[in-house]
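Written out below as structure tokens is the structure these notes cover.
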Amino acid sequence: IYTVDFTTQKFINVNEAMMKVSGYTREELMSMKASQLLDKESAMRFGERIKSVMQGKKVDKNVEYKVITKDGKEIWASLNVKIMYQDQKPFAMVIAHDVTDRKKAEDALSESRKKFQDLLETTSDFIWEMNTKGEYTYCSPQMEKLWGLKPNKMLGKTPFEQMPPGAKVQGLKLFSSMLESKTPFAGIQVPSLDANGNMITIEISGVPYFNLNGELLGYRGVTRDITERTKI
């Protein structure tokens, strides 16, 4: 916990926990500006925040900054800030929590998602997800590259809509049996139509996915174009 004078940006008071986390003594902190504890990007946001307060603008009471400790260690702090005034001068009472572990987990998850998204966008196969109605809830960009079908326009639609009549009946029957069995499937070959109405042959594989209660939510899988292969 600490208080900061927004006019000078200097600390008014700091508690023992603040000293322990930052590595600075009380005397050192009291001689510093709050922005001196922050990295460049956080210091810039801190300055903008002070400017807004000085202009009488309303600011969020919760904010996160990257703090640089005395020994150079980087930590993330989540701040709950209460703006108060004394002699018409603004100052802030701040309760700070170390959220470094959470931020590291979020960054790791974000990086993992980026890598996964990069994989989805570079693989030559079409990756999809559908609900128990057979409606697409996710379509990778390869759908358009392979067959001219725009992924965003296929959301909410089913793959059966792209099949010729006879194949559509068989496809719906097969999907119904998969919903009952709730088991993975692989290598199913079916005829389909591209955006121009040309007949193609696709091979589909998928696995079921469930909620925390074990209820089936749908299937995720991969579809590849094997038209040329089936012509041989």
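Residues: numbered from 1 along the sequence shown. Worth saying up front: this structure is predicted, and the values here are computed from it rather than measured.
Tracing side-chain contacts under 4.5 Å through hydrophobic residues (I, L, V, M, F, W, Y), one never reaches V190 starting from L193; they form parts of separate clusters. Two different hydrophobic clusters hold V207 and V222 under the rule that ILVMFWY side chains link at heavy-atom gaps under 4.5 Å. Hydrophobic clustering, with ILVMFWY side chains joined whenever heavy atoms are under 4.5 angstrom apart, keeps F46 apart from M93. Cluster annotation: F11 is connected to V63 through the hydrophobic network of ILVMFWY side chains, with a link wherever side-chain heavy atoms come within less than 4.5 Å. A continuous path of hydrophobic side-chain contacts links M30 to Y2 [ILVMFWY only; heavy atoms under 4.5 Å].
Salt-bridge annotation for E161 and K168: absent, with no side-chain N of the basic residue lying under 4.0 Å from a carboxylate O of the acidic one. D125 has a carboxylate O that lies under 4.0 Å from a charged side-chain N of R224, or vice versa, which qualifies the two as a salt bridge.
Between Y219 and F185, the ring planes are tilted. Angles from 30° to 60° get that label.
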Inset, instruction - Decide yes or no on salt bridge (Lys or Arg N to Asp or Glu O under 4.0 Å) for K103 and E74, but give the supporting numbers first. - result: CA-CA 11 Å; K103 292 291 288 187; E74 295 182 350; over 6 Å; no
Inset, instruction - Would you check, one step at a time, whether the test side-chain contact (heavy atoms from CB on, under 4.5 Å) holds for K182 with F210? - result: CA-CA 10 Å; K182 303 177 183 179; F210 308 85; 4.2 Å; yes
Inset, instruction - Show your working on side-chain contact (heavy atoms from CB on, under 4.5 Å) between L155 and C139 and close with a plain yes or no. - result: CA-CA 7 Å; L155 296 178; C139 296; 4.2 Å; yes
Inset, instruction - May I have the step-by-step check of side-chain contact (heavy atoms from CB on, under 4.5 Å) for W147 and T223, ending in yes or no? - result: CA-CA 12 Å; W147 308 301; T223 298; 3.8 Å; yes
Inset, instruction - Could you walk me through whether F126 and I202 pass side-chain contact (heavy atoms from CB on, under 4.5 Å), step by step? - result: CA-CA 10 Å; F126 166 53; I202 58 177; over 6 Å; no
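Heavy-atom contacts from other residues, nucleotides or ligands closer than 6.0 Å to NZ of K70 number more than 12. Dense packing is recorded around CE of M178, with more than 12 heavy atoms of other residues, nucleotides or ligands lying under 6.0 Å away.
For S78 (side chain) and H97 (main-chain N/O), no donor-acceptor pair under 3.5 Å exists by modelled atom type. Checking side-chain atoms of N211 against main-chain N and O of N213 turns up a donor-acceptor pair under 3.5 Å. Proximity of a side-chain donor or acceptor of S42 to a complementary backbone N or O of Y65 within less than 3.5 Å is not detected. One N or O on the side chain of R26 and one on the backbone of V14 form a donor-acceptor pair closer than 3.5 Å. Side-chain N or O atoms of S192 include one that pairs as donor or acceptor with a backbone N or O of Q162 at under 3.5 Å. A donor-acceptor distance shorter than 3.5 angstrom exists from the side chain of T227 to the backbone of T201, with no hydrogens or angles considered.
Of the candidates L37, V94, I1, L37 is the only one forming a side chain to side chain contact (heavy atoms under 4.5 Å, CB included) with M18.
Of the inter-residue distances, the one linking K66 atom NZ with E41 atom CD reads 8.5 Å to the nearest 0.5 angstrom.
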